Amino acid sequence: MAKKKTLVVVLGPTASGKTDVAIRLAKYFDTEIISADSRQFYREIPIGTAAPTAQQLSKVTHHLVGNLSLNDDYNVSRFEQDVMALLKEKFRVHDLLIMTGGSGLYIDAVCKGIDSLPDPDPLLRKTLQEKWQQQGIEVLQQQLQQLDAEYYEQVDRKNHKRLMRAIEVCLQTGQKYSELRLNKPQKRDFNILKIGLDLPREQLFARINRRTEIMLSNGWLEEARSALPFRHKNALNTVGYKELFAYLDGELTLEEAVDKIKTNTRRYAKRQLTWFKKDKEIHWFSPEDEEIRQFVEEFLVGNP
RNA sequence: GGUACCAUAGCUCAGUUGGUAGAGCAACGGACUGAAAAUCCGUGUGUCCCUGGUUCAAUUCCAGGUGGUACCA
């Protein structure tokens, strides 16, 4: 019987040191890394997304970094499919693979699966978007109440994105969203070990501030300037770009923009931590902790 | 040195005709199934500069002090 394969997931808030830890583990176990970062896919914005550098990429083979263009539309479901295909291929030659990133929803899609739902119809989405902007959220609420009263009861009714998505699914499938959204964890045929990286908040915030400065001195502003033609793409609805675009528009001074970037990055880190805190499968470590490698080895021994 | 004005939450400020106070931002907490670095929800954390006076009661009125700002010397 074939040995069971293992996916080690290195996760944590932004700037917690995931990239370095993942590379160290990958080198030690002589394996490859799959990114689970919803913004590092885009090849035009490596600086602002703190993607692995050319030097880091040369040390270990990375997947799903810089594989998309800002023009590409992408979503969690496609990510799940891409990663499952990658795992199938790479587990032929590796017993252990590493996935690292900070996008909780994307990580969960790989670890637990995600329901089979249709991709949004762009035209329908545009219609709903306009409806919301012109007539307000009440119209969306009423529409969802008619289409799917059950989901309407549980949904966050002030969140236009949730309302729109549910309406989309109902209209596109002719079925109720609440009936399609099973939310049932799928069994994977590989072991999963989740390693969480975290630091005392004060230290994490100091790292965020320092990294922001480094990213700027690495040419982030120029990167933002050249991404300007794509500013309305979803990929650029991202911490940092919004603020730098505001500076380029003359709405903020550079100093104000940088301060806002730091603040919004901290807030992003907090949202990530809120997501990860719920997941009781995560084993938490400090990024400098030498015991991470040993912990993985012990897991491998215990889960042959 | 003199005069005027100001001093309230981490920041910018509102307010209390005397009954210990509230907005925005920040902060903190939370939600999350194809836009997720997105989107949305909740929470006020306070020697009301200090000391004294008047008063049943002072953050509020009065006096002095301290600090700041402006103008005059």
Side-chain angles (χ1 to χ4, degrees), chain A residues 11-16 18 35-42 45-51 68 70 72-83 101-122 124-126 128-129 132 137 140-141 151 154-169 172-173 177-186 201-202 205 208 211-212 215 220 224 232-244 256 259-279:
Chain A
L11 55 85
T14 191
S16 60
K18 298 184 291 294
S35 171
D37 184 302
S38 72
R39 294 292 124 110
Q40 291 180 8
F41 303 139
Y42 301 96
I45 51 174
I47 299 171
T49 58
L68 297 177
L70 291 174
D72 295 328
D73 289 320
Y74 200 67
N75 61 50
V76 215
S77 177
R78 291 206 207 170
F79 176 77
E80 186 220 6
Q81 291 164 27
D82 287 347
V83 174
S103 305
L105 178 64
Y106 282 55
I107 291 169
D108 282 357
V110 170
C111 296
K112 296 192 271 194
I114 191 162
D115 287 318
S116 176
L117 298 169
D119 276 353
D121 169 14
L124 178 56
R125 173 157 292 189
K126 192 161 170 273
L128 291 171
Q129 179 88 22
W132 170 62
I137 199 154
L140 296 180
Q141 290 168 345
Y151 187 65
Q154 61 188 80
V155 72
D156 175 359
R157 282 173 226 164
K158 291 183 179 169
N159 191 327
H160 65 278
K161 288 191 178 182
R162 298 270 143 70
L163 297 173
M164 278 187 215
R165 175 60 185 157
I167 292 168
E168 275 170 12
V169 172
Q172 286 178 229
T173 63
Y177 185 55
S178 55
E179 286 167 2
L180 295 166
R181 210 175 69 110
L182 306 174
N183 203 9
K184 198 172 126 224
Q186 290 167 37
R201 192 161 291 187
E202 208 173 274
F205 286 3
I208 287 172
R211 194 184 65 176
T212 302
M215 285 157 65
W220 191 4
H232 298 299
K233 287 296 197 179
N234 176 58
L236 289 170
N237 187 188
T238 296
V239 171
Y241 292 92
K242 283 180 279 191
E243 296 83 353
L244 291 177
E256 286 167 341
D259 280 348
K260 263 196 184 333
I261 290 173
K262 290 173 181 171
T263 299
N264 287 331
T265 306
R266 289 198 293 269
R267 289 154 60 91
Y268 168 50
K270 206 154 72 65
R271 271 177 274 134
Q272 291 176 297
L273 284 167
T274 299
W275 182 290
F276 293 136
K277 260 190 271 177
K278 270 194 310 190
D279 188 342

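So that the names make sense, note that chain A is the first sequence line, chain B the second, and so on, each numbered from 1. Predicted, not measured: the structure shown is a model, and the values here were computed from it. Heavy-atom basis, side chains included; hydrogens, waters and symmetry copies ignored.
- Using a 4.0 Å cut-off, no side-chain N or O of A/R201 falls inside it from OP1 or OP2 of B/rA27.
- Counting only heavy atoms from C-beta outward, the side chains of A/E243 and A/E256 never approach each other to under 4.5 Å.
- No engagement by A/S178 is indicated, since no non-hydrogen atom pair under 4.0 Å with the nucleic acid exists.
- Using a 4.5 Å cut-off on side-chain heavy atoms (C-beta onward), A/D82 and A/Y74 make contact.
- The gap from the P atom of B/rC5 to that of B/rC62 amounts to 11 Å, rounded to the nearest Å.
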Exercise. Using the side chain to side chain contact (heavy atoms under 4.5 Å, CB included) rule, take A/R39 and A/N234 through it: C-alpha gap first, then chi angles, then the decisive distance, then the call.
Key: CA-CA 10 Å; A/R39 294 292 124 110; A/N234 176 58; 3.7 Å; yes

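- Residue A/E243 is classed as having no contact, given no heavy-atom separation below 4.0 Å to the nucleic acid.
- Glycosidic conformation at B/rG34 (O4'-C1'-N9-C4 for purines, O4'-C1'-N1-C2 for pyrimidines): syn, within 90° of 0.
- Across all strands, A/G48 comes closer than 4.0 Å to base atoms (heavy-atom distances).
- Rounded to a whole angstrom, the distance from the C1' atom of B/rU60 to that of B/rA14 is 14 Å.
- Side chains of A/R211 and A/T14: a donor on one and an acceptor on the other come within 3.5 Å.
- B/rC25 sits 12 Å from B/rA9 when the C1' atoms are compared, rounded to a whole Å.
- Between the side chain of A/Q186 and the backbone N or O of A/G113 there is no donor-acceptor pair closer than 3.5 Å.
- With A/K112 contributing its side chain and A/I107 its backbone, the two residues share no donor-acceptor pair below 3.5 Å.
- Pairing partner, B/rU39: B/rA31, with both Watson-Crick or wobble hydrogen-bond distances short of 3.5 Å.
- Spacing between atom CZ of A/F79 and atom P of B/rA35 amounts to 15 Å, rounded to whole angstrom units.
- Out of B/rU39, B/rG34, B/rA36, the shortest distance to the side chain of A/K242 is found at B/rU39.
- Look at NZ on A/K270: it is 11 Å from C1' on B/rA26, rounded to the nearest Å.
- A close approach under 4.0 Å does occur between a side-chain nitrogen or oxygen of A/T274 and OP1 or OP2 of B/rG30.
- Spacing between atom CG of A/D156 and atom P of B/rA35 amounts to 16 Å, rounded to whole angstrom units.
- Relative ring orientation between A/Y106 and A/F41 is described as tilted, the plane-to-plane angle lying within the 30° to 60° band.
- Pair assignment for B/rG1: B/rC72, on the basis of Watson-Crick or G-U wobble contacts that are both within less than 3.5 Å.
- Across all strands shown, A/T263 has heavy atoms under 4.0 Å from sugar-phosphate atoms exclusively, and none from any base.
- In this structure, A/R39 reaches the B/rA36 phosphate: one of its side-chain N or O atoms is under 4.0 Å from OP1 or OP2.
- No donor-acceptor distance shorter than 3.5 angstrom exists from the side chain of A/Q172 to the backbone of A/P118, with no hydrogens or angles considered.
- Base pairing annotation: B/rC61 forms a Watson-Crick or G-U wobble pair with B/rG53, both donor-acceptor distances under 3.5 Å.
- Comparing B/rU20 with B/rC32, their C1' atoms sit 41 Å apart, to the nearest whole Å.
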Could you run down the sub-3.5 Å N/O contacts of the protein with nucleotides 11-13 of chain B?
none

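- Residue contacts for A/S103: at a heavy-atom cut-off of 4.0 Å it reaches the sugar-phosphate backbone alone, with no base atom in range.
- Spacing between atom CG of A/L273 and atom P of B/rC28 amounts to 10 Å, rounded to whole angstrom units.
- For B/rC48, there is no paired nucleotide, since no Watson-Crick or G-U wobble pair has both relevant distances below 3.5 Å.
- Comparing A/N75 and A/Y268 by the nucleotide of RNA chain B whose heavy atom lies nearest to each, the residue mapping closer to the 5' end is A/N75.
- With distances taken from any side-chain atom of A/R162 to the nucleotides B/rU39, B/rA35, B/rC28, the minimum falls on B/rU39.
- One finds a side-chain N or O of A/N237 lying less than 4.0 angstrom from the OP1 or OP2 phosphate oxygen of B/rU39.
- When Watson-Crick and G-U wobble pairs are counted only if both distances are under 3.5 Å, B/rG22 pairs with B/rC13.
- Taking atom CG of A/L68 as the reference point, atom P of B/rA35 lies 14 Å away to the nearest angstrom.
- Spacing between B/rC72 and B/rU16 at atom C1', rounded to whole Å, works out to 35 Å.
- Regarding contacts with the backbone of B/rC32, every side-chain N or O of A/Y106 stays at 4.0 angstrom or more from both OP1 and OP2.
- The side chain of A/R125 contributes an N or O atom lying less than 4.0 Å from OP1 or OP2 of B/rA35.
- Toward the 5′ end of RNA chain B lies the nearest nucleotide of A/G113, the other residue of the pair A/N159 and A/G113 mapping further downstream.
- Counting any heavy atom pair closer than 4.0 Å across all strands shown, A/F41 reaches no nucleic acid atom.
- Residue A/K112 is out of contact with every strand shown, counting any heavy-atom pair closer than 4.0 Å.
- Nearest nucleotide to the side chain of A/K278, out of B/rC32, B/rA35, B/rC40: B/rC32.
- Remark: the separation of the C1' atoms in B/rA23 and B/rG18 is 24 Å, to the nearest Å.
- Taking the C1' atoms as reference points, B/rU43 lies 32 Å from B/rC6, given to the whole Å.
- A/F79 has its side chain within reach of A/V83: a pair of non-hydrogen atoms, C-beta onward, lies under 4.5 Å apart.
- Residue A/R266 places at least one side-chain N or O closer than 4.0 Å to OP1 or OP2 of B/rA27.
- Between the side chain of A/E168 and the main chain of A/L124, no donor-acceptor pair closer than 3.5 Å is present.
- Look at B/rA7: its Watson-Crick or wobble partner, with both distances under 3.5 angstrom, is B/rU66.
- Residues passing the side chain to side chain contact (heavy atoms under 4.5 Å, CB included) test with A/T263 are A/R266, A/R267, sequence neighbours excluded.
- Side chain of A/N75 to backbone of A/S77: a donor-acceptor contact under 3.5 angstrom is found.
- Put simply, A/K233 has no side-chain N or O that comes within less than 4.0 Å of OP1 or OP2 on B/rA35.
- Using atom C1' as the reference point in both B/rG42 and B/rA4, the two lie 45 Å apart (nearest Å).
- Residue A/D37 is classed as a base contact, given a heavy-atom separation below 4.0 Å to a base.
- Rounded to an integer number of Å, the gap from A/E256 CD to B/rA26 P is 14 Å.
- Side-chain atoms of A/W275 lie closest to B/rC32 of the nucleotides B/rC32, B/rG34, B/rG29.
- A/R181 places its CZ atom 12 Å from the C1' atom of B/rA31, with the value rounded to the nearest Å.
- Looking at heavy-atom distances under 4.0 Å, A/Y42 makes no contact with the nucleic acid at all.
- Note on A/R267: a side-chain N or O is less than 4.0 Å away from OP1 or OP2 of B/rA27.
- Out of B/rC28, B/rA35, B/rU39, the shortest distance to the side chain of A/R165 is found at B/rA35.
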